[in-house]
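Below: the structure, in structure tokens.
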Amino acid sequence: MERILVFNIFCLALLIVLPTIWAEDNLISPSKLEKFVDELPDMPKIQSFEVVNGVFKSKPLEIGMFKKLWKFHRDLPPTPVYAYGTSKRNATIPGPTIEAIHGVDAFVTWQNHLPSNHILPWDPTIPTALPRTKKGIPTVVHLHGSIGEPESDGHAHSWFTRRFKEVGPTWTKKEYHYPNSQHPGNLWYHDHAMGLTRVNLLAGLIGAYIIRDRDVETPLRLPCGDEFDRTLMVFDRSFLTNGSIYMNSTGNNPSIHPQWQPEYFGDAIIVNGKAWPRLTVRRRKYRFRIINASNARFFRFFFSNGLKFIHVADDSAYLEKPVITNETLLAPSEIADVIVDFSKSKSDSAILGNDAVYPYPSGDAVNEDNGKVMKFIIKKEPEHDTWRVPKTLVKYPDADLSSASKTRYIAMYEYTSDIDEPTHLYINGKSFDEPVTETPRVGTSEIWNVINLTEDNHPLHIHLGLFKVINQTKLVKEEEFKACMLKLNDAIKCKIDHYARGDKIEVPAHEKGWKNVYKMTPGCVTKILVRFAFIHSNESYPFDATAQPGYVYHCHILDHEDNVMMRPLKLIS
């Protein structure tokens, strides 16, 4: 019986991928798409609040997921995509930017209007959300960076299909509640369905979310308003000559996983839904909230004319002081909130470039296409600039290691086949559905020592919790330690302190604030202090963080997360 089931799953996978086997011969060369011909779009904004008699009140939202056609480039045929929006006509890639107010609850009913069959190949041989009727595309929305209730966190098993005809085992309700009681900052929303995250995001299910707090932010006098405060969602895609998104049709271990591959990399760089766009700017300061929404690509951004980045926030939290850099490295899902002063430019244009190898940190060098992101055309006329960058921004608590209630060891593993190709990735040697092992207490802090025993850099994302990176230490005699860990899966028994005594890797100054994602360097132990409480106040969570279905933590390379570098996180009281 078991052999018959395996055979049926394999046949289903073949039916999914066979129609796309021809696709590689029909890939469009990115060199055929002229760069910087499309204007950078500003995504539509919707507010989760309204003003009644001078007071902010909640305004419930309904946001759908629709299949539609989208123009990524002037010379590319319209592309079938999945997009968020208040209607099919208004749906965009990325989706609308949701603007929220600190302390004002947001209520969103996410509606699935997607068809029965996916526009991209997917692989049922990895742990995947599978409707009983085999009809419909499972989706669930995670608000990345949110401090909110488990029922609205977008758990991987809380998926639902079109019109909620079928739901996952941990689904509880249609309307999600985001309290917005956390500090102001940048979040983003995206799909999080089990085993389908990589394909649903690749199809277009992403969007930005901003929590604003006038009391905190107005005194800073940072650039604001639609013209000077722009969100940039950056990601990569490959296209076929007919305009369709290209995704691999054959896995790196096709006899094990017919379709799954360990990373997806596209040839074209997309910003706000356009390939290599352009933006005309004035000679003054602009604020850019840059979100890396790629499946697996790291970006190391720089300006061709030497302009600098002034970092004011990192992920969802403001920094204590601004930090100036010549370049900035963003892993998938990380956010850099920066000021760029175009009055400092000695030229009338600047290319935002990228020189991060892929996969990171030991992959291929960028080329003429994926090494360019977008172009800024800088007006010649000087201007009086009313915006400023203050010397101090927002002070949050320091990382107090003495306050930690527990120390944990989190090990990252990659497993390979007989041909030395990855088959799956685990955290702590466990699959996602094995019993929870991380059970922090509400209101406490913990030290997590994250041990990366793979060759890739893994951006670790923790739902609900915020953390500060204390240090990164290289392992000595790494292969010896790895052999012990593969046998015992116990860092203490394998004498981690004997091996974690190599060189220290400095944490960049602009990444020393409170984060929800960080790059776990291969062959290193990264020590972080994770806080399961607010950072801006001593108030308790206004929700029950111990409720089902709990939270998760995972690698945010989506191909890794899906197979299945993700573990449950259950808070206790």
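Only a predicted model underlies this, so the values are computations on that prediction, with no experimental measurement involved.
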May I ask you to decide whether Asp229 forms a salt bridge with Arg289, counting only side-chain N to carboxylate O separations under 4.0 Å? yes
For the side-chain hydrogen bond (donor to acceptor under 3.5 Å, both in side chains) test, which of Gln472, Glu511, His458, His556 pairs with Lys519? Glu511
Scan side-chain atoms only and decide if His560 and His554 contain a donor-acceptor pair under the 3.5 Å cut-off. no
Would you kindly check if the NZ (Lys) or CZ (Arg) of Arg198 is within the cone defined by 45 degrees around the ring axis of Tyr264 and under 6.0 Å from the six-membered ring centre? no
For residues Tyr246 and Phe239, establish whether the separation of their ring centroids is below 6.0 Å. no
Please report the closest heavy-atom contact between Asp153 and Tyr176, naming both atoms and the distance. N-CE2, 4.4 Å
Verify whether the ring centers belonging to Tyr396 and Tyr318 lie closer than 6.0 Å. no
Under a 3.5 Å distance rule, please check whether Ser294 uses its side chain to pair with a backbone N or O of Ala296 as donor and acceptor. no
What's the shortest heavy-atom distance between Thr325 and His510, and which atoms? CG2-ND1, 3.8 Å
Applying salt bridge (Lys or Arg N to Asp or Glu O under 4.0 Å) to Asp369 and Lys35, what does each step give before you reach the verdict? CA-CA 9 Å; Asp369 300 308; Lys35 295 174 179 61; 2.7 Å; yes
May I ask you to say whether Glu320 pairs ionically with Lys395, meaning some side-chain N is under 4.0 Å from a carboxylate O? yes
Rounded to the nearest 0.5 Å, how far apart are CG of Asp105 and OG of Ser58? 4.5 Å
Contact between Tyr553 and Ile410 at the side-chain level, heavy atoms closer than 4.5 Å - yes or no? yes
Side-chain H-bond candidate by donor/acceptor type, Asn305 with Ser345, under 3.5 Å: yes
Kindly determine whether Tyr541 and Phe534 satisfy ring-ring contact (aromatic ring centres under 6.0 Å, His included), including the steps that lead there. CA-CA 7 Å; Tyr541 291 145; Phe534 289 128; 5.3 Å; yes
Counting the benzene-type ring for Trp, do Tyr84 and Tyr189 have ring centres under 6.0 Å apart? yes
Between Lys515 and Asp315, the two heavy atoms sitting closest are NZ-OD2, 3.1 Å
Salt bridge (Lys or Arg N to Asp or Glu O under 4.0 Å) with Arg287: which of Asp341, Asp337, Asp226? Asp337
Do Phe301 and Phe309 have ring centroids that are under 6.0 Å from one another? no
Short side-chain donor-acceptor distance under 3.5 Å, Tyr209 and Asn180: yes
Hydrogens and angles aside, do Thr386 and Arg221 bring a side-chain donor and acceptor to less than 3.5 Å of each other? no
Measure across Gly266 and Asp236 and return the closest heavy-atom pair with its distance rounded to 0.1 Å. N-OD2, 2.9 Å
Under a 3.5 Å cutoff, is there a donor and acceptor pairing between the side chains of Tyr358 and Glu263? no
In this structure, are over 12 heavy atoms from other groups packed under 6.0 Å from Asp364 atom CG? yes
Say you draw a straight line from CZ of Arg278 to OG of Ser349; how long is it, rounded to the nearest 0.5 Å? 12.5 Å
For Ile46 and Ile98: C-alpha separation, side-chain torsions, deciding distance, then whether side-chain contact (heavy atoms from CB on, under 4.5 Å) applies. CA-CA 5 Å; Ile46 55 176; Ile98 301 174; 4.0 Å; yes
Would you please test His192 and His155 for ring-ring contact (aromatic ring centres under 6.0 Å, His included) and show each step? CA-CA 7 Å; His192 210 263; His155 191 277; 8.1 Å; no
Are Glu151 and His177 close enough that a side-chain donor and a side-chain acceptor fall under 3.5 Å? no
Using ring centroids (six-membered ring only for Trp), state whether Phe376 and Phe342 fall under 6.0 Å. yes
State, yes or no, whether a side-chain contact exists between Leu569 and Leu571 at a heavy-atom distance under 4.5 Å. yes
Do Arg74 and Asp38 sit within salt-bridge range, that is, some charged N less than 4.0 Å from a carboxylate O? no
Report yes if some heavy atom in the side chain of Pro80 is under 4.5 Å from a heavy atom in the side chain of Ser244; otherwise report no. yes
Determine, for Glu99 against Arg212, whether the closest basic-nitrogen to carboxylate-oxygen distance falls under 4.0 angstrom. yes
